[in-house]
Amino acid sequence: MDRKRLQSSIVFVYLPCMEKLFRIFEITQERSNQILAPFYDAHIHQFEELIIVFQGSLEHDIDYQIETLAAPVACYLSSGKLHKLLPRTAMHAWVIHFKAELLPDSNLNYYSNFLTSNSIALQAGDNLKRFNSLCQLLQTETQQEHVDYTTIYHLLNGLITMIAAERKRNMPIENHIKSLQITIFSNFLIILEENFRLDVGVTFYANKLNITERNLNSICKNNVQKSVSEIIETRKLQEAKRMLLHTTKTISEIGYALGYNEKSYFTRVFHAKMNITPTRFRERTLSLFE
């Protein structure tokens with residue numbers, strides 16, 4: 001495929017009211033390697049990314065942690081994370097990029113602070129066809145002579161709402177319990193966001209919610225397949241990575257700001273989770289963009 005034809009398969013839309021970029025493109029089995037080639041190298045972008053894989057699989061490296069996404073699955077990646085993509089098999093997928101300002105209250109964006117990867121398994125069959133139809137409608141709207149940005153907003157919001165609903169369906173509990181557990185989990189994340197820099201653990205959050213530690217762990221695992229401690233640690237590490245890349249604070253200062261009283265302990269925790277020290281993470285990542 002020549003460069004002109006390849007570029008024509010990617011649709012760019014600039015939103016005047018935001019002065020930001022929105023784009024959507026389809027990856028077919030025949031063209032996955034050509035279209036995804038620019039994403040093979042590690043990169044950080046300042047927009048949100050949503051990948052919906054209908055067929056095939058790809059390897060996704062997020063902040064030096066590799067996972068395999070096998071269809072059907074949706075993966076949401078918030079801005080500021082280092083990542084790269086590599087197809088493992090021929091695939092069919094849609095990729096959407098948009099600025100957070102377009103959907104500031106998206107719960108997928110909110111969850112990304114507490115999860116290394118925000119991947120959600122999708123149901124096959126007719127349910128999956130709805131996702132493909134919405135992506136086609138989004139692309140069609142971007143190709144209109146006079147683009148209706150309100151339509152783009154509502155279509156995108158509907159797509160993300162459907163993906164969030166899939167997360168709820170994946171919870172291994174009865175329907176009448178899900179609503180209460182989702183409310184408690186959401187409240188936990190709010191309290192965590194206010195307190196994750198403190199040197200406190202599961203007991204602190206369980207007491208805040210007036211439930212037992214065991215119940216809180218069960219609720220977290222039902223929602224995101226992670227324990228309370230894992231979610232707390234992930235939130236700390238997300239902030240640590242942000243500070244390593246966007247501030248000049250020392251490793252000791254960053255660790256102390258996140259409730260680690262000793263540099264050595266912060267380094268051990270970071271290395272255990274990331275398989276790389278904070279110093280090396282900063283040097284290696286920043287060197288990619290020199």
Side-chain angles (χ1 to χ4, degrees), residues 1 5-32 34-39 43 45-56 58 60 69 71-79 81 83 85 87 90-112 117-169:
M1 173 178 291
R5 286 183 62 199
L6 176 60
Q7 289 177 337
S8 68
S9 67
I10 302 178
V11 180
F12 294 88
V13 176
Y14 291 89
L15 306 182
C17 61
M18 297 169 53
E19 297 183 352
K20 303 296 181 179
L21 175 68
F22 172 91
R23 69 177 179 180
I24 178 171
F25 53 96
E26 185 177 16
I27 301 170
T28 64
Q29 292 186 6
E30 297 78 13
R31 300 185 298 177
S32 60
Q34 298 97 320
I35 295 176
L36 284 176
F39 302 97
H43 58 281
H45 46 63
Q46 297 307 311
F47 47 78
E48 314 303 295
E49 181 170 69
L50 178 60
I51 305 170
I52 305 177
V53 184
F54 295 90
Q55 296 177 26
L58 59 84
H60 200 183
L69 301 179
V73 65
C75 179
Y76 177 83
L77 192 76
S78 61
S79 65
K81 291 185 179 181
H83 78 123
L85 305 173
M91 58 187 297
H92 174 219
W94 286 91
V95 178
I96 296 172
H97 294 161
F98 63 95
K99 282 292 182 177
E101 293 89 334
L102 185 60
L103 287 174
D105 298 323
S106 165
N107 64 1
L108 291 183
N109 177 271
Y110 186 63
Y111 275 27
S112 68
S117 171
N118 205 357
S119 300
I120 301 170
L122 304 177
Q123 296 180 3
D126 290 340
N127 185 61
L128 198 60
K129 294 178 182 178
R130 297 185 301 147
F131 289 95
N132 190 52
S133 296
L134 269 177
C135 290
Q136 291 174 335
L137 285 171
L138 268 167
Q139 186 178 58
T140 299
E141 184 56 43
T142 62
Q143 296 169 332
Q144 301 303 307
E145 182 178 356
H146 301 290
V147 179
D148 186 339
Y149 301 121
T150 301
T151 298
I152 290 177
Y153 164 81
H154 286 296
L155 288 172
L156 183 58
N157 188 47
L159 184 64
I160 290 179
T161 299
M162 286 168 54
I163 292 172
E166 289 293 296
R167 183 197 296 279
K168 295 178 184 178
R169 293 191 185 98

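Within the 4.5 Å cutoff, side-chain heavy atoms of Leu138 are placed close to those of Phe22. In this structure, Ser112 and Lys81 have side chains that are in contact, with non-hydrogen atoms separated by less than 4.5 Å. Between Phe25 and His97 there is a side-chain heavy-atom pair separated by less than 4.5 Å. Contact check for Met162 versus Leu134: side-chain heavy atoms found under the 4.5 Å cut-off.
The backbone N or O of Gln139 sits less than 3.5 Å from a side-chain atom of Thr142, completing a donor-acceptor pair. Put simply, the side chain of Asn118 gets close to the backbone of Leu108: a donor and an acceptor are under 3.5 Å apart.
Qualifying salt bridge (Lys or Arg N to Asp or Glu O under 4.0 Å) partners for Lys129, counting only residues two or more places apart in sequence or in other chains: Asp126.
Here the straight-line distance linking atom OH of Tyr110 with atom OG of Ser78 works out to 13.5 Å at 0.5 Å rounding. To the nearest 0.5 Å, atoms CZ (Phe98) and CZ (Arg23) are separated by 13.0 Å. Going from atom CG of Leu58 over to atom SG of Cys75 covers 8.0 Å, rounded to the nearest 0.5 Å. Separating the CD1 atom in Ile52 from the CG atom in Leu69 is a distance of 12.0 Å, to the nearest 0.5 Å. Put simply, CH2 on Trp94 and CZ on Phe54 are 8.0 Å apart, with the number rounded to the nearest 0.5 Å. Glu26 CD to Ile96 CD1: the interatomic distance, rounded to the nearest 0.5 Å, is 11.0 Å.
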Table please: side-chain donor-acceptor pairs of residues 151-159 below 3.5 Å, with sequence neighbours left out.
residue, atom, partner, partner atom, Å
Thr151, OG1, Asp148, OD2, 3.0

I would like to know whether Leu50 and Val95 meet side-chain contact (heavy atoms from CB on, under 4.5 Å); could you show each step before the answer?
CA-CA 6 Å; Leu50 178 60; Val95 178; over 6 Å; no

Tell me, with the steps shown, if Glu166 and Asn127 meet side-chain contact (heavy atoms from CB on, under 4.5 Å).
CA-CA 10 Å; Glu166 289 293 296; Asn127 185 61; 3.1 Å; yes

Passes side-chain contact (heavy atoms from CB on, under 4.5 Å), Ile163 versus Phe131? Steps please.
CA-CA 9 Å; Ile163 292 172; Phe131 289 95; 3.5 Å; yes

Stepwise, does the side chain to side chain donor-acceptor pair (under 3.5 Å) test hold for Tyr76 with Glu48?
CA-CA 8 Å; Tyr76 177 83; Glu48 314 303 295; 2.5 Å; yes

Where do Ile27 and Met91 land on the side-chain contact (heavy atoms from CB on, under 4.5 Å) test, with the steps shown first?
CA-CA 7 Å; Ile27 301 170; Met91 58 187 297; 4.2 Å; yes

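Heavy-atom minimum distance, Gln123 versus Leu128: O-CB, 3.5 Å. Annotation for Gly56 and Val53: closest pair O-CG1, 3.8 Å, computed over non-hydrogen atoms.
In this structure, His60 and His83 have perpendicular ring planes: the angle between them is above 60°, well past the 30° mark.
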